[in-house]
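Remember, it's 1-based here, ligands and their atoms both numbered in the order they're listed.
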Amino acid sequence: MSEIVSTESRGDCLVIRVNNPPVNALGHAVRAGVVTALADIGGARCAVLHCEGRTFFAGADITEFGKPPQSPSLPEMIAALEDCPAPVIAAIHGMALGGGLETALGCDYRIIDRKARIGFPEIDLGIFPGAGGTQRAPRLAGIAATLGMTLDGKPIDATRAVKTGLCDEISDGDILENAIEFAMQQSQKRRIRDLPSPVVDQPAIDAELAKAAKARRGQIAVDKATEAVLASAALPFEQGLEKERELFLELIGGPQSRAMRHLFFSERLSAKVDGLNASPKSLGLIGVVGSGTMGSGIAMAFANAGFSVRLFDANADALKAGMERIRSLYMASAAKGRTSEAEALDRYDRIQPAHNWEAFSACDLIIEAVFERMDVKKAVFAELDKVARADAILATNTSYLDVDSIAAATKDPARILGMHFFSPANVMRLLEIVRGAKTYDITLATALDAAKRIKKVPVVSGVCHGFIGNRMLKGYGREAGLCMMEGAAPEAVDKALYDFGMPMGPLAMADLAGLDIGYDNRRSMTAGEDYEPLASLLQDRLVEIGRKGQKTGAGIYNYEPGNRTPRPDPDVNAIIEQLAAEHGVKRRDVSSEEIVERCMLALINEGAAILSEGIAQRASDIDVVYANGYGFPRYRGGPMFYADELGAGHILERLENYQEKYGPKWWTPSPLIRELAASGGTFGHWKRDR
Ligand code: 3H9
């Protein structure tokens, strides 16, 4: 036996024990070990399949995808479980995910720890269960429930696992001992493949498909997964397996799955910082300054993870309103069944309103989320400098401002960094952590650890205006605005980018954020900042006539009371035409391909600059920012992955085309793109010489 798979006889029961940390992924050594163990079953009456460590199998080994297959494959290992002459019992603790659940379904019985969960998360990797899951699960749980799990990807708990029929019994106490006891009572094989085909409940199936069509727009795996699951009713078992395999192989070799697997690994890599040499400090009490939408959300993010929080606002009414907002959000989440009422109240109680700065004297980490103005931020940090413990970490939630200048307002800038949350901060997963010029390693390590504990995806950024995400967004918004001035209707600009996969178009987005925000920003720009006046002509004019976006019922679009649907307004088209004429812009047809290309090239060119300046550590970090903070379609992998799919040579050629047409100001290709085009390299493989 290998070190990874070992066996032990417990009376008449053979225990097959797998130990492949950290998550018992079903790599080749595991599969080979399990097949060998089954072949040596001898005279045992039953067998138990058990994993060491924190979880049952978390799935196939994703690092093997795209490499030459090695026998035994996962379907072959599962066939060996079915062919074993004695009944095999899966002892599930932690998670049984993807191929892990399929392995359990290859066993005759499944016993599950009360706290364990099972699921098919493959859809988040652009695939679906490809080792018999689409044929076996429906024979136990039915087609609609299987489709639900396959298309939504979220795991279900032990109670539901038993209710659906996917598991046989819940275990309290020692899962292995309970599984052995259960196994000794089973004398018969009970292979799922021998069960009758599932029946088709069309209305229930349609309901699942409608949910997925909305949540997973553009993802081709949805249709393929559906076809595979439906084959469980239409075809005999073996043919169903063949159909599943054929559809699975189409997806795994395709661009969408490649993109989504890239994000899976990138989201785990982004928390790792080259050369960072410090262990995080332990955090107990968290302080938040500012009880607006952002501050309240940040307080909730920490309270949700079990931290105690002190929330302060210099304005007592604002503090009261913030606490009320938090309470109502918690109550709404309990009403929707996302938490129990007791848990909601408990989380609320963890956030204590603070009425003076001294309340922060016991805090380990204090995050400022006040008005986005340098003088206001500096005043807050000067106060914090007086009251915070010398070893406390101070963070600013600024989305644009210079973190080093803010840090300079304190005696010890090394304990300061940016923690840029995205709104709503208790929901959005992205956290940009901005490392200042003087930030200590331990300050950064602690912020990264805090991010993990509050279940955020952290990406480290250097200091620059807007950091990674918002700095890149400027060019994207600029090109959207210019396409509109040059001839595309606002709704055509938005539709082109929505069809590309963005959750909403940039112009509807500007209305949602408020057109006055950009207007004020443009008027308070400091030396070195620049913008394209033509791109914001319309928005400036609209703000000046009181159309500030959704909040005033009109902006680039009109809005009916209580309805956020953007409605095109002919008056706005007339204003665009008038502005274009006044500024000598010749209107023409602008195709949706051109809109997408210009917006994406602007993102990519700025991303390349950010990378070569060392603001982002690696291209995949930029992808993580865009996929988690800006709704970039996951099946396209992020702007830099998308660029690599197009190829640096193509990107360079298109940038030069626009440079020739519009001049060098916005279209000069980043030297990094030239370098990659010349060398045939990719952003994904590029490393900066440090
Ligand atoms: C599948 O099963 C296909 C089949 O249907 C058909 C096949 C024919 N493989 O997330 P963490 C690594 S597709 C390889 O930080 P957590 C991960 O990269 C699979 N590696 O821990 C990380 O490495 P590092 C379906 C994997 O506690 C380390 O483990 N299954 C795999 O926050 C720790 O991971 C899934 O999609 C894997 N399958 O969360 C489940 N899984 O330390 C994917 C993890 O070097 N996994 N690693 O950065 C998860 O969702 C989470 O890892 C889990 C634990 C919830 C299990």
**Q** Among all the protein's non-hydrogen atoms, which is closest to atom 28 (C) of ligand 1, and how far away is it?
**A** Pro22 CG, 3.6 Å

**Q** Run the numbers for me: atoms of ligand 1, each under 4.0 Å from some heavy atom of Pro129, listed by number.
**A** 5 (O)

**Q** Under a 4.0 Å heavy-atom limit, does Leu125 contact ligand 1 with its side chain, its backbone, both, or neither?
**A** side chain

**Q** Report the part of Arg261 in contact with ligand 1, treating N, CA, C, O as backbone and CB onward as side chain, heavy atoms under 4.0 Å; options are side chain, backbone, both, neither.
**A** neither

**Q** Can the ring centroids of Tyr642 and Phe500 be said to lie less than 6.0 angstrom from one another?
**A** yes

**Q** Check Arg160 with Asp157, please: is the shortest side-chain N to carboxylate O separation under 4.0 Å?
**A** no

**Q** Name the option, out of Ala60, Ser73, Ala58, that contains the heavy atom nearest to atom 37 (C) of ligand 1.
**A** Ala60

**Q** Could you check atom 20 (N) of ligand 1 against the protein and tell me its nearest heavy-atom contact, residue, atom and distance included?
**A** Asp61 OD1, 4.4 Å

**Q** Check for me whether the distance between the ring centres of Phe264 and His262 falls short of 6.0 Å.
**A** no

**Q** List the steps, then state whether side chain to side chain contact (heavy atoms under 4.5 Å, CB included) holds for Arg634 with Asn628.
**A** CA-CA 9 Å; Arg634 294 184 72 83; Asn628 290 284; 3.8 Å; yes

**Q** Suppose we measure from atom 51 (C) of ligand 1 to each protein heavy atom; which comes out shortest, and what is that distance?
**A** Arg268 NH2, 4.0 Å

**Q** Consider side-chain hydrogen bond (donor to acceptor under 3.5 Å, both in side chains). Of Lys154, Arg261, Arg216, which one does Asp124 pass it with?
**A** Arg216

**Q** Please work out whether any backbone atom (N, CA, C, O) or any side-chain heavy atom from C-beta onward of Phe120 is under 4.0 Å from ligand 1, and answer side chain, backbone, both or neither.
**A** neither

**Q** Taking Glu208 first and then Lys211, would you say they form a salt bridge - that is, a charged N and a carboxylate O separated by under 4.0 Å?
**A** yes

**Q** Can you report which non-hydrogen protein atom sits closest to atom 42 (O) of ligand 1, along with the distance?
**A** Lys272 NZ, 4.0 Å

**Q** Between Arg17 and Glu52, does any side-chain N to carboxylate O distance fall below 4.0 Å?
**A** yes

